[in-house]
Each structure stands twice: as structure tokens, then as C-alpha cells.
Amino acid sequence: MNYMDPFNSFFNMKELELEPEGDLIARRLSDMQGMYQQEDNVAGNPKIYEYYNVRLPEIPGHLQHCVTVISPGKIGKEYHMTKGHYHEVEETAEIYFTIQGRGKLVMQTKEGDSKVLDMEEGMISYIPPYWSHRTINTGEEPLVFVGVYPGNAGHDYGDIEERGMKKLVVEEDGQPKVIDNPDY
Ligand code: M6P
Ligand code: ZN
């Protein structure tokens with residue numbers, strides 16, 4: 001039997017970096033074209049979020065895990081958010097453990113049901129099979145969370161890239177508000 005060796009990763013809470021560095025993926029506004037309602041008048045190409053994947057085989061049995069850091073800020077009225085995705089293997093779930101900041105976790109099924117959960121330090125959020133998921137930083141500091149999901153789950157961005165999500169999280173009177181997406 002060829003066993004994989006157990007290993008630790010360390011997330012540096014001061015630098016907000018994973019050590020040793022996994023696959024670091026940074027997403028800027030230009031990587032999310034068409035996902036925000038008002039992206040036209042934004043100066044430069046701000047970094048919205050980055051995530052660190054611990055490198056693991058994409059096969060059943062393993063547990064993928066990664067740390068996502070969403071910087072605070074807004075594009076128009078919408079808070080910084082992730083692209084959002086379904087899993088390629090739709091019957092796979094995911095857990096998010098929030099370790100810093102506050103935000104919202106917006107989920108949706110292909111039948112059109114929507115759910116929104118709060119994310120705050122210490123919260124463990126369960127994303128059941130079949131729900132797409134997007135995270136939104138509604139706070140003033142980075143939103144940092146750990147995601148854990150099956151080795152073979154994969155990411156399917158197609159539906160959300162084409163249609164967006166039914167619910168948007170915007171700032172109104174200084175407060176986060178969940179509204180219906182007028183373009184959905
Ligand atoms: C979480 C997990 C990852 C995901 C990342 C960024 O860490 O769900 O699987 O890749 O967030 O989200 P997205 O892939 O939607 O950009
Ligand atoms: Zn996922």
C-alpha cells in the first residue's frame with residue numbers, strides 16, 4: 001500500500017498567508033467581468049480576493065482544503081465577493097469555517113431556491129450537496145475562512161458566469177442588505 005504522509009499547513013493570521021504556500025489564486029475585478037452591477041467606473045483593477053489551495057489529488061477519499069481571504073470594499077453598491085460555483089460532482093458538500101471578519105454566504109440550487117447565511121468569526125457553515133455558493137465580505141476587515149470539500153468535487157462556474165445569482169448583497173444606509181438581482 002502506498003500511503004500518503006500526513007502533514008500540517010499553517011495559516012499565518014498576521015500576514016494572512018498560508019505557509020508553506022499552496023496554489024495561490026488571486027482574483028481581480030477583471031477576472032470577474034459582468035458579475036457586478038456597476039463595474040464600469042471603478043479605478044484600476046482592484047484585487048477582490050485570493051485563496052490558497054493545499055495541493056491534493058482530485059480523487060474521492062481526499063479532503064480538499066483552502067483558505068480564502070476577501071478584502072473589504074465595494075464595487076458600486078455591492079460588497080466584494082467570490083465568483084461562486086457549483087461543484088462539478090453536484091452531490092458533494094462543503095464546510096466553511098470563518099476565522100476572521102464578517103460576511104454572507106449566498107447559496108442557490110438549480111431549481112432556483114436561495115438561502116443566505118451569516119458568516120462571522122467561529123461560525124461553521126454547512127453547504128449541502130447541490131447548492132452553489134458565493135461568499136461576500138460585508139465588514140471592514142478581511143473576511144477569512146477555511147473551506148473543506150471532497151477531493152473530486154471540482155468547480156463549475158458556467159451557470160453563475162452566464163446568469164449570475166438570484167440574490168445580491170448591497171450596502172444600504174451603511175448596512176448590508178440582501179436584494180433580488182434585477183438582471184436575473
Ligand atoms: C473557497 C472554496 C474554494 C473556492 C474559493 C473561491 O475557498 O469554496 O473551493 O475556489 O472559495 O471561490 P470561487 O472558486 O467561487 O472563486
Ligand atoms: Zn465549493
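As the structure lists them, so they are numbered: ligands from 1, and atoms in each ligand from 1.
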*For G84, take its heavy atoms, then give the atoms of ligand 1 lying under 4.0 Å from any of them.*
15 (O)
_Regarding Q108 and D113, do their side chains bring together a donor and an acceptor under 3.5 Å, going by distance alone?_
no
*Which distance, rounded to the nearest 0.5 Å, do you find between the OH of Y86 and the CE of M107?*
12.0 Å
*Check step by step if side chain to side chain contact (heavy atoms under 4.5 Å, CB included) holds for Q64 and V148.*
CA-CA 6 Å; Q64 306 291 347; V148 184; over 6 Å; no
_Residue Y149 vicinity, atoms of ligand 1 by number, heavy atom under 4.0 Å_ = 9 (O)
*What protein heavy atom is closest to atom 12 (O) of ligand 1, reported as residue, atom name and distance in Å?*
T82 CB, 3.9 Å
*Protein heavy-atom partner closest to atom 2 (C) of ligand 1 - residue, atom, separation in Å*: E94 OE2, 3.2 Å
*Which atoms of the protein, restricted to N, O or S, are nearer than 2.8 Å to the Zn ion (ligand 2)?*
H85 NE2, H87 NE2, E94 OE1, H133 NE2
*asked:* For atom 3 (C) of ligand 1, tell me which residue out of G147, C66, A153 has the closest non-hydrogen atom.
replied: C66
*Taking the six-membered ring for Trp and the single ring otherwise, decide whether the centroids of Y149 and H87 are under 6.0 Å apart.*
yes
_Contact between ligand 1 and R134 is defined here as a heavy atom of the residue under 4.0 Å from a ligand atom; is it met?_
no
*Same cluster (ILVMFWY, side-chain, under 4.5 Å), I95 and F11*: yes
*Picking from Y51, W131, Y157, what satisfies ring pair (Phe, Tyr, Trp, His ring centres under 6.0 Å) with H85?*
Y157
*ligand 1 contact on Q64 by region, counting heavy-atom pairs under 4.0 Å*: neither
*Are any of the side-chain heavy atoms of N137 and Y79 separated by less than 4.5 Å?*
no
*asked:* Pair L105, H133 - check side chain to side chain contact (heavy atoms under 4.5 Å, CB included), show working.
replied: CA-CA 7 Å; L105 167 55; H133 33 289; 3.9 Å; yes
*For K83 and E161, what are the C-alpha separation, side-chain angles and deciding distance, and is it a salt bridge (Lys or Arg N to Asp or Glu O under 4.0 Å)?*
CA-CA 8 Å; K83 284 179 74 169; E161 276 174 349; 2.7 Å; yes
*Pull out every atom of ligand 1 sitting under 4.0 Å from any heavy atom of T68, numbered as shown with elements.*
1 (C), 5 (C), 7 (O), 11 (O)
*N/O of H133 under 3.5 Å from N/O of ligand 1, yes or no?*
no
_Atoms of ligand 1, numbered as shown, that sit under 4.0 Å from any heavy atom of H155_ = 3 (C), 4 (C), 9 (O), 10 (O), 14 (O)
*asked:* If the cut-off is 4.0 Å to any non-hydrogen atom of Y49, which atoms of ligand 1 fall inside it?
replied: 6 (C), 13 (P), 16 (O)
*For residues K167 and N181, determine if any side-chain heavy atom of one lies less than 4.5 Å from a side-chain heavy atom of the other.*
no
*Using the six-membered ring wherever Trp is involved, compare the ring planes of F7 and H65 and label them parallel, tilted or perpendicular (cut-offs 30° and 60°).*
parallel
*In the single-linkage hydrophobic clustering (I, L, V, M, F, W, Y; side-chain heavy atoms under 4.5 Å), do I160 and V178 co-cluster?*
yes
*R27 heavy atoms, cut-off 4.0 Å: which ligand 1 atoms fall inside?*
14 (O), 16 (O)
*Can you pull out the closest protein heavy atom to atom 14 (O) of ligand 1? Residue, atom name and distance to 0.1 Å, please.*
Y157 OH, 2.5 Å
